[in-house]
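Only heavy atoms go into these numbers, but all of them, side chains included; no hydrogens, no water, no symmetry mates. Note that this is a predicted model, so its numbers are computed, not measured. Here is how names work: the chains are called A, B, and so on, in the same order as the sequence lines, proteins then strands, and each is numbered from 1.
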Amino acid sequence: MSFTATTEPESVNAPDEFPAQYDAAATEAAIYARWQQAGCFTADASRSSRVGGDREPYVIVMPPPNVTAILHVGHGLNNAVQDVLIRWARMKGFEALFVPGTDHAGIATQNVVEKQLAAEGLTRADLGREEFVARTARFVAETGGVILQQLKAIGTSADWSRTAYTFSPELSGAVREAFVQLFDRGLIYRGHRVIHWCPRCLTSLSDEEAEPKETTGSLYHVSYPVADDPSRSITVATTRPETMFGDVAVAVNPADERYASLIGKHVLLPILDLPIPVIADEYADPAFGTGVVKITPAHDANDFEVGKRHGLPSPVVIDMHGVMNEVIDAAGRVPQALRGIDRFDARKTVIAQLEALGRLVKKETHQHNVRHCYRCDTVVEPRLSDQWFVRMAPLAEPALEAARTGRVRILPEKWVGVYEHWMTNIRDWNISRQIWWGHRIPVWYCGACAAPHNVIASREDLTTCPHCGSPVQQDTDVLDTWFSSGLWPMSTLGWPNENSSDLKAFYPTDVLVTAPEILFFWVARMIMMGYAFKGETPFHTVYLHGTARDTEGRKMSKSLGNGIDPMDVVSLYGADALRYTLIAGMGLGADVFLDPADLDKSFATGRNFATKLWNIGRFLLMNVGTAAVRPFAEVKTDELSRADTWILGRLDIAIRECDRSIGPAKAASGIWPADELTAGLRLNEFAETARRFVWNELADWYLEASKSRLLTPGADAEVARAVLVHVFDQALRLLHPIVPFVTEALWQRLPGHVDGTFLATSSWPVAGEATSDARGAQFEVIKEIVEAMRRVKSEYGVAPGKPIDAFAVTSASIRDVLHDEATMLTRLARTTLTFVDTAPAGAAANVVLSGGTELIIPLEGLVDVKKECEKLKTELAALEKQLTALEGRLANPGFTDRAPATVVAAERAKCAEWATRRDLLRTRFEGLCGKV
RNA sequence: GGGCGAAUAGCUCAGCUGGUUAGAGCGCCUGUCUUACACACAGGAUGUCGGGGGUUCGAGUCCCUCUUCGCCCACCA
């Protein structure tokens with residue numbers, strides 16, 4: 001599909017260009033091009049009310065996909081939600097801005113390029129840093145951003161003139177500003193500690209990037225002989241025997257009496273026969289394993305803390321590649337034979353040696369969490385190193401407060417607790433990465449100055465020390481890619497330039513739509529950064545949507561091969577089908593289930609709906625034509641038919657329900673009141689309401705009711721045309737946010753369409769005053785009669801098209817209505833109706849309707865009197881039972897006194913209704929079957 | 001180990017602060033090419049609302065408990 005602009009006008013309504021099936025592929029690209037050409041999605045900062053303009057802004061910043069990413073269903077889902085919201089806001093009259101962009105994705109992108117290099121037999125070291133970064137930048141420039149083109153194909157109405165990139169010069173400036181400010185405030189510091197290290201990516205990872213995975217491993221019990229009394233020994237339990245060469249002590253709990261006598265003595269590290277002390281530390285849990293834990297400060301974060309408390313050294317025996325070696329302070333600690341051996345191979349060797357020495361007491365299977373690199377799934381190695389950290393507690397405080405006070409709400413609500421828990425137990429964030437692709441840490445080191453002047457954070461590149469003029473060296477690490485993502489809502493709008501017109505007009509933004517997986521990675525950090533630099537939350541609503549899964553409930557992923565390519569769906573059924581299926585099938589925060597093996601079935605909902613919509617348009621244009629239509633506003637109430645009044649009433653209800661489902665765009669006061677904290681954003685309800693209106697009400701009933709009217713030229717036909725066009729126009733508006741292409745295509749063809757205007761930028765429907773209307777209710781009676789006739793025909797095997805006579809016993813007022821609407825009735829029910837005062841005798845099907853109307857349909861030869869009596873009897877018995885229960889309830893003062901008056905009134909009315917019905921059924925039964 | 005959530009038709013889910021005879025889509029069965037649509041139309045079947053207990057005039061909805069799934073967090077080596 002191409003998105004080159006076209007100046008070709010949309011074809012007009014030639015029947016041959018209006019096939020029965022909607023051809024999405026032929027329509028969508030051209031429509032998108034015209035939207036773009038007309039600037040429908042380009043926001044105008046000067047119109048924002050924040051800078052004196054006439055419109056309130058409504059802003060969504062897109063979670064930037066990785067620059068090398070290819071669109072998958074997850075992106076589709078994410079952008080469908082955002083696009084529904086932004087299109088709705090645009091139509092509502094907000095100055096709507098949807099900011100698109102991509103993320104440079106440090107480790108992920110570097111991995112891609114390194115893989116390419118590997119194919120050429122090269123490593124990044126072969127290229128050197130500068131050349132590697134240049135090559136990666138070239139790769140990104142050439143192939144990156146494909147996903148943005150794909151987003152256009154699914155209808156994303158983003159403002160492409162504002163496309164951002166986390167690694168652009170502007171956003172890199174924002175990153176430096178943020179770093180330096182936090183550094184100056186003492187919130188960024190350099191720490192020497194054990195962090196998560198990926199021996200494949202050769203970089204440190206944050207706690208969030210090292211994903212715990214439940215693993216079945218082994219717990220080895222190893223006995224360490226006591227140095228001065230080889231007859232005694234102490235047994236430690238470990239899952240990682242290969243780290244024993246880095247042991248500097250064994251720890252027992254000070255309260256553990258079993259080992260009290262050994263505290264202060266030394267034990268011999270097996271294989272090496274190296275004496276190490278037995279120390280007492282609370283960290284040792286008497287209940288776990290043997291109650292003795294080996295202390296390996298360089299290779300376990302907890303052991304490191306223990307070692308620090310006891311002033312122990314930290315020998316490093318595993319290098320950056322995860323290979324056994326005497327790295328630091330470890331001379332003589334790693335046996336020659338193990339040096340250069342991978343940690344997991346070394347484990348096997350160590351176990352074998354321990355076994356040979358008789359030191360392996362036992363081995364038991366053990367369930368535990370092992371952390372893996374979130375990018376390459378390699379088992380993470382705890383590693384002692386110097387890293388940059390952000391002090392999080394002070395930043396978390398206002399972000400936590402914001403959620404508690406309703407300045408920011410998180411939907412679905414269940415995530416609020418998760419957010420609060422994480423925020424209150426937040427740990428410092430390791431932001432340095434030992435890779436090359438990313439924002440280099442803006443810190444320079446001076447060899448001549450003394451601390452703290454030897455470490456300089458600077459907004460500008462430095463070559464010499466600002467204190468002494470000596471040459472300086474920049475830190476070689478780059479920042480965690482999420483550091484720049486954390487600034488996204490601000491940086492894309494121009495921060496740190498406080499004079500940026502976008503920043504003034506559009507910041508803070510409104511809704512952030514993303515998956516819950518990155519609540520901590522990203523969302524929480526954006527909120528914290530928002531408070532740190534702008535003193536307020538960057539958005540007032542966080543919408544966390546579900547995940548796309550296959551029929552077995554597995555998450556769709558490239559590695560499992562169970563994904564669906566949204567572009568396939570677009571070319572097969574169109575973007576609208578994709579969007580409708582996703583939106584309609586996704587409850588707030590709920591997962592979407594699709595079958596990658598059966599796209600036809602998976603997207604039938606959306607495809608069928610788009611076709612239905614298309615065909616309503618087709619009917620309308622073929623029957624209403626293209627000739628000018630009376631403006632709806634000029635049509636007077638008393639000219640309207642019952643069907644008109646009914647459909648207009650249903651339209652108002654649909655509009656109100658859609659509004660309620662999407663909810664308030666923002667909190668009026670800036671703080672969400674309790675009753676709005678979880679309101680709105682039910683896009684599936686919105687879709688269902690609109691679908692029901694268009695399909696089950698407009699198409700199934702109103703259109704059918706209009707057919708006879710449209711066929712007879714005259715004043716009433718003109719009214720029907722006006723109402724039909726008006727209602728369809730409104731319906732297209734309601735549906736446009738979900739299915740933008742087909743609605744736009746149809747809207748442009750409506751009679752009276754003004755060239756150059758777009759549904760995408762037209763106004764959202766406004767519901768009329770809610771009034772009770774008798775004529776609309778009369779249409780409901782007709783509907784009920786038609787349904788009853790159809791049911792009877794189907795039940796008794798009468799061909800649907802076969803005309804039969806039916807008799808209605810009813811009140812004078814309803815009889816008048818039925819007289820008026822005889823043509824329509826006959827057409828819809830394919831049956832002629834005669835009005836009588838008493839039921840004719842003979843075999844007949846009998847139906848009692850809600851208003852007390854009785855339908856008698858003589859079916860000589862078809863009705864089995866005995867069977868009919870059985871049926872009536874069953875129906876009567878059921879009704880009597882329910883009626884008795886209802887009467888009992890109404891006789892109960894506990895109900896009548898305590899229940900709301902409206903409920904009681906409704907129950908009373910129902911009771912009367914049922915009683916009438918029962919009487920009718922009884923009379924009928926006695927007439928047909930005699931006394932019981 | 002701690003915390004949170006869910007359990008409603010064959011499947012995926014609605015059911016808002018307790019108040020009509022519990023709904024939708026898909027699937028299933030029957031009939032229909034009715035001049036917009038067979039990607040359609042008309043009609044139909046299917047639920048002890050996970051088990052048990054409780055509060056209430058009234059419970060799918062609130063409380064307790066059990067069972068089963070899911071999610072998040074956590075340094076038990």
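Across every non-hydrogen atom of A/G617 and A/L746, the tightest pair is CA-CD2, 3.9 Å. Closest heavy-atom contact between A/I616 and A/A699: CD1-CB, 3.8 Å. In this structure, A/A577 and A/F603 approach most closely via the heavy-atom pair O-CD2, 4.2 Å.
Look at A/K294 and A/D247 and you find a salt bridge, because one of the NZ, NE, NH1 or NH2 atoms lies within 4.0 Å of a carboxylate O, short of that distance. A salt bridge links A/E657 and A/R692; the closest N-O separation between the charged side-chain nitrogens and carboxylate oxygens is under 4.0 Å. The pair A/E688-A/R691 meets the salt-bridge criterion, with a side-chain N (NZ, NE, NH1 or NH2) lying under 4.0 Å from an Asp/Glu carboxylate O. Taking 4.0 Å as the cut-off between side-chain N and carboxylate O, A/E907 and A/K910 count as a salt-bridged pair. Of the charged side-chain nitrogens involved, at least one lies within less than 4.0 Å of a carboxylate oxygen, so that A/R240 and A/E381 count as a salt-bridged pair. Using a 4.0 Å cut-off between charged side-chain N and carboxylate O, A/R371 and A/D207 make no salt bridge.
Partner assigned to B/A24 is B/U12, using Watson-Crick or G-U wobble distances below 3.5 angstrom. Across all strands shown, B/C72 is found opposite B/G2 as a Watson-Crick or G-U wobble partner, with both distances under 3.5 Å. B/U67 is paired with B/A7 under the Watson-Crick or G-U wobble criterion, all donor-acceptor distances under 3.5 Å. Pairing for B/G58 is absent, judged as Watson-Crick or G-U wobble with the two contacts each under 3.5 Å. Summarising the base pairing, B/C41 is matched to B/G31 through a Watson-Crick or G-U wobble pair whose two defining distances lie under 3.5 Å.
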Report task. Could you run through nucleotides 6-23 of chain B and give me one letter per nucleotide, 5' to 3': B if any protein heavy atom sits under 4.0 Å from the base, S if only the sugar-phosphate is that close, - if neither? Result -> ------SS--B--BBB--

Report summary line: Per-nucleotide protein contact along nucleotides 70-77 of chain B, 5' to 3', at a 4.0 Å heavy-atom cut-off (B base, S sugar-phosphate only, - neither), is -SSSBBBB

**Report entry** Under 4.0 Å protein heavy-atom contacts per nucleotide of nucleotides 31-41 of chain B, with B for base, S for backbone only and - for none
**Finding:** ---B-BB-BSS

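Checking A/K362 against A/T235 by side-chain atom types alone, no donor-acceptor pair falls below 3.5 Å. Donor-acceptor pairing under 3.5 Å is recorded for the side chains of A/Y374 and A/E209.
Between B/A42 and B/A24, the two P atoms lie 14 Å apart (nearest whole Å). With P as the reference atom, B/C62 and B/A6 are 9 Å apart, rounded to whole Å. Taking atom P on both B/C4 and B/C16, the two are 22 Å apart, rounded to the nearest angstrom. Straight-line distance between the P atoms of B/U61 and B/G18: roughly 12 Å, to the nearest whole Å. Using atom C1' as the reference point in both B/C33 and B/A38, the two lie 7 Å apart (nearest Å). For the C1' atoms, the distance linking B/A22 with B/G15 amounts to 8 Å, nearest Å. When the P atom is compared between B/G23 and B/G44, the two are found 13 Å apart, to the nearest whole Å. Across the C1' atoms, B/A7 and B/C49 are found 10 Å apart, a figure rounded to whole Å.
The nearest whole Å value for the distance from the CG atom in A/L582 to the C1' atom in B/G25 is 14 Å.
Relative orientation of the A/W614 and A/Y22 rings is tilted, given thresholds of 30° and 60° on the angle between their planes.
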